Visitor: 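Quick one: the structure is below, and I'll ask about it shortly.
Just so it is clear, the model here is predicted, and its values are computed rather than measured. Naming: A, B, ... by sequence-line order, numbering from 1 per chain.
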Number of protein chains: 2
Amino acid sequence: MLNSQYRHLQTYFKDLIRQKTLKAGTKLPSEREIGEQFKLTRVTVRQALQNLEAEGLIYRQNRRGWFVTPPAVIYDPASHLSFNLYVSKQGGIPHTEKLMQQVEPATAEIAQLMGIQEHTPILFLHRRRYIDQRPVLIEKIYINIDLLPGIEKEELSQSLGQLLKQKYQLEYRDMDLVFKSTSLPSHAANDLGISAGQAGLHIERINYTSDKKVLEIDYEFWRHDAMTIKISLRD
Amino acid sequence: MLNSQYRHLQTYFKDLIRQKTLKAGTKLPSEREIGEQFKLTRVTVRQALQNLEAEGLIYRQNRRGWFVTPPAVIYDPASHLSFNLYVSKQGGIPHTEKLMQQVEPATAEIAQLMGIQEHTPILFLHRRRYIDQRPVLIEKIYINIDLLPGIEKEELSQSLGQLLKQKYQLEYRDMDLVFKSTSLPSHAANDLGISAGQAGLHIERINYTSDKKVLEIDYEFWRHDAMTIKISLRD
DNA sequence: CAGTGGTCTAGACCACCAC
DNA sequence: TGGTGGTCTAGACCACTGG
């Protein structure tokens, strides 16, 4: 029914958040406290909280509690702005953490996408990115080092776009993008410090050079509540 | 824990679906049956099923049961193909149902976006679209009738793009797109016959004529599991 | 260590669907 | 009308976080 109890609770918090009585980042009372206040069991309280999470209004930190979600950042792939740039332009503090970096032989799949021989060495980069201290995405990047000799010796927690421009006089140009709304696979959820199975946004991006060679392949998993995609198509 | 019981159940069904032992559209056993078979309570069974739903592997029809999700359709806004065309090209059977159609005065918001006076008559169109009998999206469209005189007398469960081309010699050209992963608001969930609060994909699209006038504003709510967005950016 | 969320049990009643 | 999912109660134990 439309007037179920968890829905009441949902509306209650939704209104508080909309009115900004509960501000971004605020911690909600514990599930048990909420249950006591509204005379509901934890199961029912959690139903409401989980729905609010699906709406993107609140989020949880593993065993730490529930928090009000900050505004989503707008991502415009056509702008060719780096993460650092578009986040800070929108008033957030970006941060990138390198989780892993290594030169490794290309798998069949990557080799095929890159148009190179299988087992050709490529640079693999695994990063986690934050907005205002909150981890919002993890990404796995496969870089075509044939086109970018020496890149593996660079500092790779910075913006790749900037590095390409400064060191190699290359610019991001053409790209193929795939967006899919799905739940976060457990590896991504773990890296983001959230429980697996939560909603997320998956992005695949292939960046090309001006002569149509594959520069880089990027797989990103975002918290679903952290980003809005905006694109202008002009023929 | 990684080895919680609902996760076991999740993996069990995930494997069956991946192997296609459970085919698209198949109904799962009832929650009580699953619980009996695995010696679990319904709460636990539902936890697993809800996670599989978030992953997009299964979906539910209100009080009818759980079903295996069919493959997602690929939507490429830059292709300027109509829904009917890209769905059928990908092997699905598209269907559009008109829920409502009326000429009405523009709200302040719509008027501003369209660059017209408030209260100017516009055509409002509310449709539901299906793939293989399954409702996958609802859309609300606001059409600038100043640019399209007489359009309100046309049959509007067909493709708008085609109508524009044939009757008005207009083509979709430039557009602004916003994608957001969020839960379905209750009106959209009801129209799609699913329980409110489920994950969904929200799309806002503004279509322009070649002389930069707003032709149409479109708000779509998709089932999150029914679509993948694919875009190629070529400068 | 106390308190939190994460997981789970064993029931219950209701609204709705298909037969 | 019997079976389904939707909602809910009143507990419980565990793993982890924070002070």
Visitor: Between R7(B) and dG6(C), is there a contact of a side-chain N or O with OP1 or OP2 at under 4.0 Å?
Guide: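 R7(B) to dG6(C) OP1/OP2: no side-chain N or O under 4.0 Å.
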Visitor: dA15(C) C1' sits how many Å from R64(B) CZ, rounded?
Guide: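 It is 16 Å, rounded to the nearest whole Å.
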Visitor: What nucleic acid atoms does R60(A) come within less than 4.0 Å of, heavy atoms only: base, sugar-phosphate, or nothing?
Guide: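 The residue R60(A) makes sugar-phosphate contact but no base contact.
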Visitor: Which of parallel (below 30°), tilted (30 to 60°) and perpendicular (above 60°) describes F83(B) and Y86(B)?
Guide: perpendicular
Visitor: Does a side-chain N or O of S4(B) approach OP1 or OP2 of dG6(C) to a distance below 4.0 Å, or not?
Guide: no
Visitor: Between N51(B) (CG) and dT7(C) (P), how many Å, whole number?
Guide: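 The answer, rounded to whole Å, is 8 Å.
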Visitor: Round to a whole Å and report the spacing from CD of Q47(A) to C1' of dG6(C).
Guide: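 Result: 16 Å.
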Visitor: Consider the side chain of R63(A), meaning its heavy atoms from C-beta on, and name the nucleotide among dC17(C), dT17(D), dC8(C) that approaches it most closely.
Guide: dT17(D)
Visitor: dT7(D) P sits how many Å from L9(A) CG, rounded?
Guide: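 Spelled out: CG on L9(A) to P on dT7(D) is 14 Å.
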Visitor: Over all strands shown, is S30(B) touching base, sugar-phosphate only, or nothing at heavy-atom distances under 4.0 angstrom?
Guide: sugar-phosphate
Visitor: Mind telling me whether F221(A) and H187(A) have parallel, tilted or perpendicular rings, with 30° and 60° as the class edges?
Guide: perpendicular
Visitor: Under 4.0 Å between a side-chain N/O of Y6(A) and OP1 or OP2 of dC8(D), yes or no?
Guide: no
Visitor: Atom CZ of R42(B) and atom P of dA12(C): how far apart are they, to the nearest Å?
Guide: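 For the pair R42(B) CZ and dA12(C) P, the rounded distance is 13 Å.
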Visitor: Quick check against the 3.5 Å criterion: does T26(A) have a side-chain atom that pairs as donor or acceptor with the backbone of L22(A)?
Guide: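 Not a single qualifying donor-acceptor pair exists.
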Visitor: dC8(D) C1' sits how many Å from Q5(A) CD, rounded?
Guide: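 Rounded to whole Å, this separation is 7 Å.
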Visitor: Would you mind telling me which of H202(B), R205(B), R129(B), R127(B) makes a side chain to side chain donor-acceptor pair (under 3.5 Å) with E220(B)?
Guide: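 Result: among H202(B), R205(B), R129(B), R127(B), R205(B) is the only option passing the side chain to side chain donor-acceptor pair (under 3.5 Å) with E220(B).
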Visitor: Closer to the 5' end of DNA chain D via nearest nucleotide, is it T41(A) or N62(A)?
Guide: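 That would be T41(A).
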Visitor: Heavy atoms under 4.0 Å, any strand shown: does E33(A) hit a base, just sugar-phosphate, or nothing?
Guide: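 Answer is sugar-phosphate: E33(A) comes under 4.0 Å of backbone atoms only.
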Visitor: Quick one: K39(A) NZ to dA10(D) C1', roughly how many Å, whole number?
Guide: 14 Å
Visitor: Can you tell me how the ring of Y142(B) sits relative to the ring of Y219(B), calling it parallel under 30°, perpendicular over 60° and tilted otherwise?
Guide: perpendicular
Visitor: What nucleotide among dT7(C), dC13(D), dT7(D) has an atom nearest to a side-chain atom of R32(A)?
Guide: dC13(D)
Visitor: If you pin Q61(A) and V43(A) to their nearest nucleotides in DNA chain C, which one's is more 5'?
Guide: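 Checking each residue's closest nucleotide, the 5'-ward one belongs to Q61(A).
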Visitor: Roughly, in whole Å, what's the span from CD1 in I34(B) to C1' in dT9(C)?
Guide: 18 Å
Visitor: Looking only at side-chain atoms of R46(B), point me to the closest of dT4(D), dC8(D), dT7(D).
Guide: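 Looking only at side-chain atoms, R46(B) lies closest to dT7(D).
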Visitor: Taking any strand in view, what nucleotide pairs with dC19(C) in a Watson-Crick or G-U wobble way, both distances under 3.5 Å?
Guide: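 Looking at the geometry, dC19(C) pairs with no nucleotide.
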